[in-house]
Amino acid sequence: MPPPIKVDLVPYSAVWPENGQRAIEQVAQALGTRLSSIHHIGSTAIPGLAAKPIYDLMPVTPDIRLLDRVQPVFESLGYRSSGELGIAGRRYFTRDTETGTREAQLHCFQVDSPHVERHLAFRDYLRAHPAVRSAYHHEKMRCASLHSNDSHAYSNCKADWIIRVEAEALSWYRNSGKGMP
């Protein structure tokens, strides 16, 4: 498991979508047909939401074993593997700047993984529901104030809130016609 990092939440930045798209294009170009799709998820993908300025990307592949065979491709892009890191079927990678600041995380899943829909539903639900987005902002700020030097404890702090809202998000996502077949 990567060591915990400092939790520095910053106000939403209008450059995040563009920077996220650049990171997506870099990964997509390097992995080519090994990917079915790739998505910008996480707080930097939600307009108006404060976040750690780290890009969470979700590469989706027809077969997760395709990604297992190309570790050098990820390494050439500056990503380090942490294996599944607690989520069966995921391949998790991190990339830090030259100064050691985390800048990107890859959450790779096979196309039929329920985690793909879960991540997209949560992102889209927060984008579409300003009151829920605001509540998440407050939960993030509360947890950051309690665990500013430990990203693992910060994540654990907000986990119950996320799990509860994720259930609402999945129902909304499926009923809105966006859900996966």
Side-chain angles (χ1 to χ4, degrees), residues 1-10 12-47 49-124 126-127 140 147 149-156 158-159 162 166 169 180:
M1 173 176 286
I5 60 175
K6 188 167 174 41
V7 178
D8 285 321
L9 295 181
V10 299
Y12 179 79
S13 172
V15 303
W16 289 349
E18 182 180 322
N19 291 347
Q21 185 59 38
R22 272 199 299 274
I24 282 173
E25 290 167 2
Q26 180 189 46
V27 172
Q29 182 177 5
L31 294 173
T33 59
R34 294 175 192 96
L35 294 183
S36 299
S37 61
I38 184 168
H39 306 274
H40 183 187
I41 59 171
S43 293
T44 60
I46 302 166
L49 188 60
K52 299 183 307 286
I54 300 169
Y55 300 97
D56 287 284
L57 306 179
M58 185 176 60
V60 180
T61 181
D63 185 341
I64 201 71
R65 294 171 297 186
L66 294 171
L67 302 185
D68 292 338
R69 297 181 194 130
V70 292
Q71 290 293 319
V73 173
F74 289 103
E75 292 167 6
S76 74
L77 299 175
Y79 289 95
R80 288 186 324 268
S81 174
S82 294
E84 290 185 327
L85 195 63
I87 299 178
R90 173 175 72 171
R91 302 300 182 269
Y92 178 74
F93 297 85
T94 58
R95 183 175 71 196
D96 296 343
T97 65
E98 290 178 8
T99 62
T101 302
R102 176 82 35 85
E103 69 177 346
Q105 304 173 139
L106 303 178
H107 308 265
C108 305
F109 293 102
Q110 189 162 299
V111 71
D112 58 355
S113 169
H115 298 291
V116 173
E117 184 180 40
R118 175 178 68 84
H119 281 292
L120 295 176
F122 188 74
R123 180 200 65 192
D124 291 355
L126 291 178
R127 284 176 173 174
K140 289 169 60 113
H147 306 288
N149 290 311
D150 185 342
S151 57
H152 299 310
Y154 164 77
S155 293
N156 290 338
K158 59 187 184 136
I162 290 171
E166 220 169 55
M180 300 177 69

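- Here the side chain of Lys140 pairs a donor or acceptor atom with the backbone of Ala50 at under 3.5 angstrom.
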Take Ile41 and Tyr55 through the test side chain to side chain contact (heavy atoms under 4.5 Å, CB included) and record every step on the way to the result. CA-CA 8 Å; Ile41 59 171; Tyr55 300 97; over 6 Å; no
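- Put simply, the side chain of Phe122 reaches to within 4.5 Å of the side chain of Ile162, judged on heavy atoms.
- Side-chain atoms of Arg91 do not come within 3.5 Å of backbone N or O of Ser82 as any donor-acceptor pair.
- In this structure, Asp124 CG and Glu117 CD are separated by 11.0 Å, a value rounded to the nearest 0.5 Å.
- A donor-acceptor contact shorter than 3.5 Å links the side chain of Ser151 to the backbone of Ile5.
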Dump the intermediate steps for side chain to side chain contact (heavy atoms under 4.5 Å, CB included) on Tyr79 and Val27, then the final yes or no. CA-CA 10 Å; Tyr79 289 95; Val27 172; 4.0 Å; yes
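- Between Thr101 and Asp96, the closest side-chain pair of non-hydrogen atoms is not below 4.5 Å.
- Minimum heavy-atom separation, Ala121 to Ala169: O-CB, 3.7 Å.
- Comment: Asp8 does not engage Lys52 in a salt bridge, judged by the lack of any side-chain N to carboxylate O separation of less than 4.0 angstrom.
- For the side-chain hydrogen bond (donor to acceptor under 3.5 Å, both in side chains) with Arg22, the qualifying choice from Gln26, Glu25, Glu18 is Glu18, the only one to do so.
- A distance of 4.5 Å separates CG in Leu126 from CD1 in Ile46, rounded to the nearest 0.5 Å.
- Across Leu35 and Ala28, no two heavy atoms sit closer than the pair CD1-CA, 3.9 Å.
- With Arg90 contributing its side chain and Leu85 its backbone, the two residues share a donor-acceptor pair below 3.5 Å.
- Here the closest non-hydrogen pair linking Val116 and Gln110 is CG2-O, 3.8 Å.
- Rounding to the nearest 0.5 Å gives a distance of 7.5 Å between OG of Ser37 and CG of Leu120.
- A side-chain hydrogen bond (donor to acceptor under 3.5 Å, both in side chains) with Tyr92 holds for exactly one of His107, Gln105, Arg80, Glu84; it is Gln105.
- Of all heavy-atom pairs spanning Ala45 and Arg123, the tightest one is CB-CD, 4.0 Å.
- Using a cut-off of 4.0 Å between Lys/Arg side-chain N and Asp/Glu carboxylate O, Asp68 and Arg65 are scored as not salt-bridged.
- Here the closest non-hydrogen pair linking Gly20 and Leu57 is O-CD2, 4.1 Å.
- Phe74 places a side-chain heavy atom less than 4.5 Å from the side chain of Leu67.
- With rounding to the nearest 0.5 Å, the separation of CD1 in Ile54 from OG in Ser43 is 10.0 Å.
- To the nearest 0.5 Å, atoms CG (Leu31) and OG1 (Thr61) are separated by 8.5 Å.
- Residues Arg118 and Glu166 have side chains in contact (heavy-atom distance under 4.5 Å, counting atoms from C-beta outward).
- When all heavy atoms of His115 and Ile87 are compared, the closest pair comes out as NE2-CG2, 3.4 Å.
- Annotation: side chain of Phe93 is in contact with side chain of Gln71 (closest heavy-atom distance under 4.5 Å).
- Here the CD-OG1 distance, from Glu103 to Thr44, works out to 12.0 Å after rounding to the nearest 0.5 Å.
- Side-chain contact between His119 and Asp56 is absent, with no heavy atoms from C-beta onward closer than 4.5 Å.
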